[in-house]
Amino acid sequence: MAGTGVFADIFDGDAYKYYSDGEWKKSSSGKTVAIINPTTRKTQYKVQACTQEEVNKVMELAKTAQKSWAKTPLWKRAELLHKAAAILKEHKAPIAECLVKEIAKPAKDSVTEVVRSGDLVSYCAEEGVRILGEGKFLVSDSFPGNERTKYCLTSKVPLGVILAIPPFNYPVNLAVSKIAPALIAGNSLVLKPPTQGAVSCLHMVHCFHLAGFPNGLISCVTGKGSEIGDFLTMHPGVNCISFTGGDTGIAISKKAGMIPLQMELGGKDACIVLEDADLDLVASNIIKGGFSYSGQRCTAVKVVLVMESVADALVEKVKAKVAKLTVGAPEDDSDITPVVSESSANFIEGLVKDAKEKGATFCQEYKREGNLIWPLLLDNVRPDMRIAWEEPFGPVLPVIRINSIEEGIHHCNASNFGLQGCVFTKDVNKAILISDAMETGTVQINSAPARGPDHFPFQGLKDSGIGSQGVTNSINMMTKIKTTVINLPTPSYTMG
Ligand code: NAP
């Protein structure tokens, strides 16, 4: 159970503690932040509201710990990560329990998130051993005017202190996707978990603690992003920020100093459906892509752009599948569970009302109880409706009927977002042309958008992000190239 057994140290009976210097502590602020269970809408957990002094302290410790961690052999760093991954998977049940209660993630998906996170940590350790163990050797005579008098050796060195800020929807997975690359590359790590999802993250961090990482190397400070976020992101001790979330990331990018940024932000992933598509396959993918975790996924299908000639048939198929979705509590493993907060539910409702006023066709009746919103397919959506452009982050999916492929591509590219997109057709040549024309970080052919598998490159264009994730890219992003040049007094050429 959460907060008991091996996790007893992280809880004081009332509130969860924060993690600094290898210990679980109560904040000197004497204040806590409440985490509201989205299903019951009552306080489920409390976490520490950390102070600026406590942030200063973890930054100082992280800086010191990183220096000796960078001198720890790569294989030893990997060994500890493998150990943490095993502990994480061993304790999947209490962590999944927190995910169910903090973010209303269906029970089975919550377990999957923890197991996937353990796998990611292990994969990252293996990948790090391979790619960080290699460098380059260059010689000077390949550049005009040079003799072979210089040997250049390149290697990858850590950046220093990485600040990791994940969002609520995959708090554990998107935290480890930053922690593991940072650590294998020889960096230290300060985690600021999302408030909804903080207790899941604290349990996950405890698994790293149990694995035996050095004190101060990993810290976890809790508190509302709106209160300590700016202090953290503008802290002079931070050498790199890896952030996943919404528009907050755009504001952080403008305020952060001259440090590398990895930003994975929102999306409005379009699903373009051509006349020759397998409509049963499309309908299943729209259900999986649009309604899994109640649409609260960065890569959810967020707008369907379907050719008019097959639109009626597709909408009927999707409607039939929507009717089969179960709606209820995450504990019961319902397909559709309450969205994360009342303000999120209100925002979604605002988009629905706007679509209603402007004449969208409701394929189901709009229904809401508290934070629980029944799945809703909106047909005949037009570009003047907010839902055509905005990210609902809820179980509401707009369908726009198009008369040409160009119209679909135009709608996709007119969005401020450019995370992923997908195209359904049996004509692979057309699919490639459309993929190339879509201004998104990834295009899936004949499948819904998805972030995984976690070693695939994952990136957003435009307001969807900066840089690229995926295990290999994240490790590389959290390093810098260092070169050493050996200068010879006379040219030296290798002989065959
Ligand atoms: P969010 O509101 O932007 O919050 C993300 C994180 O930022 C949370 O940890 C939040 O902490 C923190 N934060 C808030 N204000 C901050 C500030 N001023 N400075 C620093 N940190 C601050 O996003 P969300 O609602 O959790 O997640 C949903 C969004 O994430 C959606 O837009 C979704 O598309 C996007 N997302 C993108 C990806 C991707 O890989 N592209 C993946 C998943 C989700 P608090 O919780 O304490 O406010």
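Both ligands and their constituent atoms are indexed starting at 1 by order of listing.
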**OP:** May I ask you to check if ligand 1 and Lys224 share an N or O to N or O distance below 3.5 Å?
**Re:** no
Original post:
At a 4.0 Å threshold, what atoms of ligand 1 neighbour a non-hydrogen atom of Leu419?
Top reply: 41 (N)
Original post:
What protein heavy atom sits nearest atom 47 (O) of ligand 1, and how far off is it?
Top reply: Thr195 OG1, 2.6 Å
Original post:
With atoms numbered from 1 as shown, which atoms in ligand 1 lie under 4.0 angstrom from a non-hydrogen atom of Asp230?
Top reply: 18 (N), 19 (N)
Original post:
At under 4.0 Å between heavy atoms, which part of Ile165 makes contact with ligand 1: side chain, backbone, both or neither?
Top reply: side chain
Original post:
Does a donor on one side chain and an acceptor on the other come within less than 3.5 Å for Thr32 and Lys46?
Top reply: no
Subject >> Closest approach of any protein heavy atom to atom 9 (O) of ligand 1, naming residue and atom >> reply: Pro166 O, 2.9 Å
Original post:
Is Asp247 touching ligand 1 with its side chain, its backbone, both, or neither, if touching means heavy atoms under 4.0 Å apart?
Top reply: neither
**OP:** Could you check if a side-chain atom of Ser334 sits within less than 4.5 angstrom of a side-chain atom of Val327, using non-hydrogen atoms only?
**Re:** no
Original post:
Nearest to atom 15 (N) of ligand 1 by heavy atom, Thr248, Val33, Thr233: which?
Top reply: Thr248
Subject >> Residue portion contacting ligand 1 (non-hydrogen atoms closer than 4.0 Å) for Ile252 >> reply: side chain
**OP:** Please could you name the atoms of ligand 1 that Asn169 approaches to less than 4.0 Å, counting only its heavy atoms?
**Re:** 43 (C), 44 (C)
Original post:
Taking only heavy atoms of Gly266, which atoms of ligand 1 are found under 4.0 Å from at least one of them?
Top reply: 32 (O), 34 (O)
Subject >> Output field: ring centroids His203/His206 closer than 6.0 Å >> reply: no
**OP:** Name the closest protein heavy atom to atom 27 (O) of ligand 1, giving the residue it belongs to and the distance to 0.1 Å.
**Re:** Pro167 CB, 3.4 Å
**OP:** Would you check whether Glu391 has a nitrogen or oxygen atom less than 3.5 angstrom from a nitrogen or oxygen atom of ligand 1?
**Re:** yes
Original post:
Under 4.0 Å from ligand 1, counting heavy atoms only, is it the side chain of Gln296, its backbone, both or neither?
Top reply: neither
Original post:
Just distances here: any N/O of Leu265 and N/O of ligand 1 closer than 3.5 Å?
Top reply: yes
Original post:
Considering only protein heavy atoms, which is closest to atom 23 (O) of ligand 1, and at what distance to one decimal place?
Top reply: Gly246 N, 3.4 Å
**OP:** Return the residue, atom name and 0.1 Å-rounded distance of the protein heavy atom closest to atom 11 (O) of ligand 1.
**Re:** Lys192 NZ, 3.0 Å
Subject >> Contact check: Gly245 vs ligand 1, nitrogen or oxygen atoms, below 3.5 angstrom >> reply: yes
**OP:** Report yes if Gln196 has an N/O atom closer than 3.5 Å to an N/O atom of ligand 1; otherwise report no.
**Re:** no
Original post:
Quick one: does Ile241's side chain get under 4.5 Å of Leu232's, heavy atoms only?
Top reply: no
Subject >> Part of Phe243 with heavy atoms under 4.0 Å of ligand 1, whether side chain, backbone, both or neither >> reply: side chain
Original post:
Does ligand 1 have any atom that is closer than 4.0 Å to a heavy atom of Gly223?
Top reply: yes
Subject >> Polar contact flag for Gly225 and ligand 1 (N/O pairs, less than 3.5 Å) >> reply: yes
Original post:
Going by heavy atoms, is Gln469 under 4.0 Å from ligand 1?
Top reply: no
**OP:** Using a 4.0 Å heavy-atom threshold (strictly under), name the region of Val340 that reaches ligand 1: side chain, backbone, both or neither.
**Re:** neither
Original post:
Does Leu174 approach ligand 1 within less than 4.0 angstrom via side chain, backbone, both or neither, non-hydrogen atoms only?
Top reply: side chain
